[in-house]
Amino acid sequence: MAADDTSLPDHPTNDQPASPASTPSSSARSTPPAPVQTPRDTAGEVMDQHHTFDRLMTARVGALTGGLSVTSIMSAWVDWGTHMMQAPGTALSLWQEGAKMATRLAIHSAKVTAGQDGPPIAKPEPGDNRFRDPAWQTYPYSLWVEGFLLGQSWWMAAACGTRGVSKQHRRQVSFMMRQMLDVVAPPNIPWLNPQIVKTTLETGGANWRRGMTNFFDDVDRQISGRPPAGVEEYPVGERLAITPGRVVFRNKLMELIQYSPTTETVHKEPILVVPAWIMKYYILDLQPHNSLVKYLVDQGFTVFMISWMNPGPDDWDLSLDDYRRMGVMEALDIVTALTGEKVHATGYCLGGTLLSIAAATMAQRQDERLQTVTLIAAQTDFTEAGELTLFIDESQLSLLEDIMWDQGYLDTKQMAGAFQMLRSNDLIWSRMIKEYALGERAPINDLMAWNADQTRMPYRMHSQYLRALFLENRLSRGRYAIGGKTIAMRDIDCPVFAVGTERDHIAPWESVYKVHLPTNTEITFVLASGGHNGGIVSEPGHARRHYRIATQQPDDTYVDPQTWKNLVNPQEGSWWPEWARWLSTRSSSERVPARAEGNRKKGYPPLDAAPGTYIYMK
């Protein structure tokens with residue numbers, strides 16, 4: 001183990017051997033998968049039992065709180081409240097500012113009530129679309145909106161303006177303050193929302209009857225485990241994930257799909273795609289018109305895709321390095337055996353982080369099978385990993401680890417609340433208003449149907465990912481070890497193509513951009529419009545899309561993200577053609593006859609038709 005690679009007996013690190021603990025069941029375990037190393041005497045055995053009991057209790061509490069640590073939340077509020085009590089000057093300043101706001105609102109309200117026109121005294125923040133309906137600009141709704149916006153700005157100033165509060169706690173308090181303000185926002189109060197009032201009067205309350213029907217249908221679907229309404233319109237293998245291909249290899253962790261060629265000749269170097277294991281791979285193969293897989297195949301590339309297994313309780317001991325070895329490396333072995341060529345390796349989201357680890361390990365071991373590396377919305381440095389870091393501290397990780405220890409995995413549904421709160425106005429409140437107050441089912445699209453097809457993550461792997469990467473940021477700090485040897489991103493010497501998206505809440509583009517810092521190779525960076533998923537599913541012809549692109553050579557001076565964005569002009573359209581051209585120019589000029597799926601003579605006969613079998617695992 002590397003000198004700085006701290007041993008965590010309770011939370012196995014990426015280079016620890018598998019624990020000999022027994023296979024977990026869905027019920028509570030009598031011993032944890034990664035047992036605490038205590039002396040084998042009576043006192044030690046008692047402590048071990050008490051430790052097990054503590055973890056069971058923590059897991060039960062986590063089930064009640066939706067996977068959020070109450071201790072972490074309370075610590076933030078105590079830190080903020082204590083420092084606020086010690087800051088009478090700040091409190092006086094806030095009181096004075098509040099009095100000014102109240103006076104301005106009173107004067108403005110009197111003028112508007114009297115029929116005098118005037119500019120609004122408060123406007124929504126950029127991106128706040130709750131008040132787009134023209135009715136919000138009419139009396140008396142406009143006054144309620146301006147009063148709310150003034151109050152919102154005051155409370156946010158109170159959350160952020162207190163000295164001495166730790167940066168993490170200040171961010172957490174600001175986030176929680178905004179969540180509470182959203183609850184009392186005028187759009188979320190039926191009698192203050194003009195659209196709800198108007199619809200109720202016009203329909204005689206029929207909208208509420210439809211809304212209750214929608215609500216009870218959603219509750220029934222949640223209890224029975226059925227997918228959200230509308231998902232049935234997008235069956236996998238029939239309407240989604242339908243690009244032709246065959247599974248050419250399968251192990252306990254993944255299936256490897258090779259897609260059928262659509263051109264007579266293909267580039268010599270194939271593409272291997274490593275998707276995230278937190279969701280199903282077919283976000284990259286939705287429908288024919290917006291399938292990145294089909295687009296690449298049509299451009300003359302031989303495309304291979306990893307389809308991850310959906311782990312269950314028996315898979316609790318799968319490690320992050322198992323995903324590297326049995327996923328990336330075994331897939332790479334098969335691809336090179338079938339094609340005999342170097343590979344354009346591509347990783348999306350978590351798959352990109354895993355690919356970075358694999359590529360750095362290969363470089364250290366002088367394995368030169370990678371022609372290029374593409375990282376799509378993937379982070380290698382987690383110091384600014386976005387709003388998800390609000391939920392990552394020691395207390396929160398301990399809670400998640402105990403939940404996973406108890407059941408053997410973390411279900412995506414147990415994280416759904418945290419992801420939705422990051423965009424509560426769009427994912428929670430607007431949906432509730434539309435479906436329950438207005439009685440209208442929000443139309444579902446292919447991306448939403450994919451988003452509902454959730455997967456689980458093994459206890460050991462996810463604990464390692466959160467601690468070694470998210471919390472301790474070992475990869476970018478040169479402390480991530482594989483097989484007892486520290487790996488370094490700077491050892492990667494093949495060209496890198498990295499993609500970030502402007503409105504990414506999961507992997508902020510500024511964080512994705514940091515791949516420039518630990519690497520010492522040619523990097524082409526693309527900043528695309530859209531969010532974490534929508535900005536990637538950005539096919540040619542997609543309306544209102546743009547991107548920025550620039551290449552940095554190893555000897556070029558480093559440019560920070562915002563300066564880079566200001567220097568590089570946006571271009572209209574999809575970034576997909578730019579990537580295809582980049583891959584083509586870094587491929588051999590010679591093309592070869594199109595490759596059939598699999599090869600019986602080499603021991604890899606074609607198996608099930610794409611999308612394979614693992615994609616259907618629930």
Side-chain angles (χ1 to χ4, degrees), residues 2-5 14 167-168 274 276 320 324 345-364 370 372-389 392 465-482 485-502 504-528 532 535 547-568 575 579 582 586:
D4 292 336
D5 201 11
N14 52 287
K167 181 180 178 181
Q168 175 72 356
V274 183
L320 188 57
R324 179 188 68 87
T346 301
Y348 177 44
C349 189
L350 299 181
T353 305
L354 182 64
L355 175 60
S356 300
I357 294 171
T361 306
M362 292 174 66
Q364 183 187 74
L370 297 184
T372 65
V373 169
T374 296
L375 305 176
I376 301 175
Q379 299 178 94
T380 54
D381 185 309
F382 291 81
T383 53
E384 295 178 338
E387 294 178 334
L388 277 179
T389 57
I392 303 298
Y465 168 76
L466 290 176
R467 285 194 172 274
L469 297 174
F470 231 103
L471 187 64
E472 300 176 5
N473 200 23
R474 293 182 185 177
L475 183 59
S476 68
R477 292 176 179 172
R479 295 180 52 215
Y480 197 94
I482 294 292
K485 293 184 178 180
T486 302
I487 61 173
M489 291 282 293
R490 67 175 292 108
D491 290 338
I492 301 174
D493 59 2
C494 61
V496 173
F497 189 94
V499 183
T501 57
E502 294 176 342
D504 196 329
H505 291 75
I506 309 301
W509 78 267
E510 296 90 344
S511 182
V512 176
Y513 182 88
K514 286 191 172 186
V515 70
H516 287 84
L517 293 174
T519 52
N520 188 34
T521 187
E522 174 196 296
I523 298 178
T524 299
F525 186 78
V526 169
L527 176 59
H532 184 71
Y547 64 93
R548 292 172 168 86
I549 184 170
T551 298
Q552 176 178 303
Q553 299 298 332
D555 296 333
D556 291 346
T557 303
Y558 174 74
V559 178
D560 67 86
Q562 290 302 324
T563 301
W564 183 94
K565 184 178 180 181
N566 294 334
L567 290 174
V568 180
W575 61 271
W579 184 37
W582 185 88
R586 285 154 184 81

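Quick caveat, the model's predicted, so the values are computed rather than measured.
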Interatomic distance, CD1@I357 vs CE@M362, rounded to 0.5 Å, equals 14.0 Å
Any side-chain heavy-atom pair from I482 and Q364 closer than 4.5 angstrom? no
Just do the side chain to side chain contact (heavy atoms under 4.5 Å, CB included) check on L320 and Y480 with the steps written out, would you? CA-CA 12 Å; L320 188 57; Y480 197 94; 3.1 Å; yes
Can you give me the closest heavy-atom contact between I392 and F470, atom names plus distance? CG1-CD2, 3.8 Å
Who pairs with E522 by salt bridge (charged side-chain N to carboxylate O under 4.0 Å, His left out), at least two apart in sequence or on another chain? R586
Should H532 and C349 count as side-chain neighbours, where that means a heavy-atom distance under 4.5 Å? yes
How many angstroms lie between CE in M489 and NZ in K514, if you round to the nearest 0.5 Å? 13.5 Å
So, D504 side chain and T501 main chain: donor-acceptor pair closer than 3.5 Å or not? no
Working note: T380 + S476, criterion side chain to side chain contact (heavy atoms under 4.5 Å, CB included); need CA distance, chi angles, decisive distance, verdict. CA-CA 6 Å; T380 54; S476 68; 6.0 Å; no
Restricting to non-hydrogen atoms, name the atom on T353 and the atom on Q379 that form the minimum distance, rounded to 0.1 Å. OG1-O, 2.7 Å
Please examine the side chains of I376 and W575, heavy atoms only from C-beta on, and report whether any two atoms are closer than 4.5 Å. yes
So, does T521 use its side chain to make a donor-acceptor pair with the main chain of C494 at under 3.5 Å? yes
If you round to the nearest 0.5 Å, how far is CD1 of I523 from OG1 of T551? 10.0 Å
Applying salt bridge (charged side-chain N to carboxylate O under 4.0 Å, His left out), can you list everything that pairs with K565, at least two apart in sequence or on another chain? none
CZ-OG1 distance between F497 and T346, expressed to the nearest 0.5 angstrom: 10.0 Å
Just by modelled atom types, is the F382 backbone N or O under 3.5 Å from a matching donor or acceptor in the S511 side chain? no
Note: A359 and I492 closest approach over all heavy atoms is CB-CD1, 3.8 Å
Which atoms form the tightest heavy-atom contact between A498 and V515, and what is the distance? CB-CG1, 4.1 Å
Would you say that L471 contacts L466 through its side chain, given a criterion of any heavy-atom pair below 4.5 Å between the two side chains? no
Could you pull out the closest heavy-atom pair between Y558 and L517, with the gap in Å? CE1-CD2, 3.5 Å
What's the spacing between R548 CZ and F525 CZ if we round to 0.5 Å? 11.0 Å
Does H516 form a side chain to side chain contact (heavy atoms under 4.5 Å, CB included) with V559? I'd like the steps, not just the answer. CA-CA 9 Å; H516 287 84; V559 178; over 6 Å; no
Non-hydrogen atoms of L475 and I487 that approach each other most closely: CD1-CD1, 4.1 Å
Trace of the side chain to side chain contact (heavy atoms under 4.5 Å, CB included) decision for I549 with V568: CA-CA 7 Å; I549 184 170; V568 180; 5.7 Å; no
Report the residues that fulfil side-chain hydrogen bond (donor to acceptor under 3.5 Å, both in side chains) with W564, sequence neighbours left out, ordered by chain and then residue number. none
Report yes if the side chains of W579 and V499 come closer than 4.5 Å at any heavy-atom pair, otherwise no. no
I need the E502 CD to Y547 OH distance, nearest 0.5 Å. 13.0 Å
Would you say L354 and R324 make side-chain contact, with heavy atoms under 4.5 Å? yes
Any Q562 side-chain heavy atom under 4.5 Å of E510 side chain: yes
